[in-house]
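Reckoned from all heavy atoms, side chains included, excluding hydrogens, waters and symmetry mates.
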Amino acid sequence: NNQFFAEADGTIKAIDGLKVTIQKTDGTSIEQTVLPGADLVVTVGEEVRKDEPITTNPNVGGFGQAEKEVILQDMNRVYAFCALSFSIFLSQ
């Protein structure tokens with residue numbers, strides 16, 4: 001998944017499923033399509049600037065963890081963590 005950004009300055013006029021309609025300051029409208037699974041962070045009537053995020057960044061967090069938690073998703077990371085913990089234990 002990718003994060004999507006507003007293609008122009010303007011106001012969000014409509015959100016229809018995966019399509020976001022932005023009315024530009026000159027009165028014209030553009031329709032921007034986002035991919036399935038994207039979480040919109042804008043609402044109808046909201047002012048947006050060009051290149052402002054309109055969806056969340058799917059690469060932040062993941063698997064429900066908060067920033068304070070350590071999630072070891074790879075066995076090599078588990079081995080490295082065990083080796084680090086063991087070396088700290090021995091040095092104490």
Side-chain angles (χ1 to χ4, degrees):
N1 286 343
N2 295 324
Q3 186 174 20
F4 292 89
F5 300 92
E7 294 177 357
D9 294 337
T11 306
I12 305 293
K13 282 299 176 186
I15 299 174
D16 182 27
L18 301 176
K19 297 181 185 204
V20 178
T21 304
I22 300 173
Q23 183 174 9
K24 298 194 293 188
T25 53
D26 64 3
T28 60
S29 294
I30 60 168
E31 193 173 84
Q32 187 169 349
T33 303
V34 298
L35 293 176
D39 294 325
L40 293 171
V41 294
V42 294
T43 57
V44 175
E46 188 174 336
E47 295 283 329
V48 293
R49 309 272 307 154
K50 184 174 184 350
D51 296 328
E52 182 179 328
I54 60 171
T55 62
T56 58
N57 187 347
N59 299 317
V60 175
F63 300 107
Q65 78 260 29
E67 292 179 9
K68 63 184 177 187
E69 298 173 355
V70 175
I71 303 296
L72 302 172
Q73 301 170 4
D74 182 13
M75 282 309 295
N76 290 329
R77 291 183 182 176
V78 174
Y79 296 142
F81 178 74
C82 289
L84 177 68
S85 299
F86 185 70
S87 65
I88 291 173
F89 176 73
L90 286 179
S91 66
Q92 295 297 322

Report summary line: Closest non-hydrogen contact found for Arg49 with Ala6 is O-CB, 3.4 Å
Report summary line: Sorted by chain and residue number, the side chain to side chain contact (heavy atoms under 4.5 Å, CB included) partners of Thr28 (sequence neighbours excluded) come out as Lys24, Asp26
Query raised in the report: Mind checking what makes side chain to side chain contact (heavy atoms under 4.5 Å, CB included) contact with Leu84, not counting sequence neighbours?
Result: Ser87, Ile88
Query - Sidechain-backbone polar pair: Asp9 side chain, Lys50 backbone, donor-acceptor under 3.5 Å - result: yes
Query raised in the report: Honestly curious: do Leu18 and Leu40 fall in one hydrophobic cluster under the side-chain, below-4.5 Å linking rule?
Result: yes
Report task. List for me each residue that meets side chain to side chain donor-acceptor pair (under 3.5 Å) alongside Thr11, sequence neighbours excluded, and say none if there are none. Result -> Glu47
Report task. Go through the structure and list residues passing side chain to side chain contact (heavy atoms under 4.5 Å, CB included) with Lys19, not counting sequence neighbours. Result -> Glu31, Thr33
**Report entry** Criterion side chain to side chain contact (heavy atoms under 4.5 Å, CB included) on Val48 and Val42, from CA distance to verdict
**Finding:** CA-CA 8 Å; Val48 293; Val42 294; 4.0 Å; yes
Report summary line: Taking every heavy atom of Phe4 against every heavy atom of Thr55, the minimum-distance pair comes out as N-OG1, 2.8 Å
Query - Thr21 vs Ile30, side chain to side chain contact (heavy atoms under 4.5 Å, CB included): CA-CA, chis, key distance, verdict - result: CA-CA 6 Å; Thr21 304; Ile30 60 168; over 6 Å; no
Requested in this report: Apply side chain to side chain contact (heavy atoms under 4.5 Å, CB included) to Asn76 and list each qualifying residue two or more places apart in sequence or on a separate chain.
Outcome: Asp74, Tyr79
Query - Rounded distance (nearest 0.5 Å) linking atom CD1 of Ile54 with atom CD of Glu46 - result: 10.5 Å
Query - Euclidean distance, Arg77 CZ relative to Cys82 SG, rounded to 0.5 Å - result: 14.0 Å
Query raised in the report: Could you go step by step and tell me if Thr43 and Ile12 meet the side chain to side chain contact (heavy atoms under 4.5 Å, CB included) rule?
Result: CA-CA 7 Å; Thr43 57; Ile12 305 293; over 6 Å; no
Report task. Determine yes or no for a side-chain-to-main-chain donor-acceptor pair under 3.5 angstrom, with Gln32 supplying the side chain and Glu7 the backbone. Result -> yes
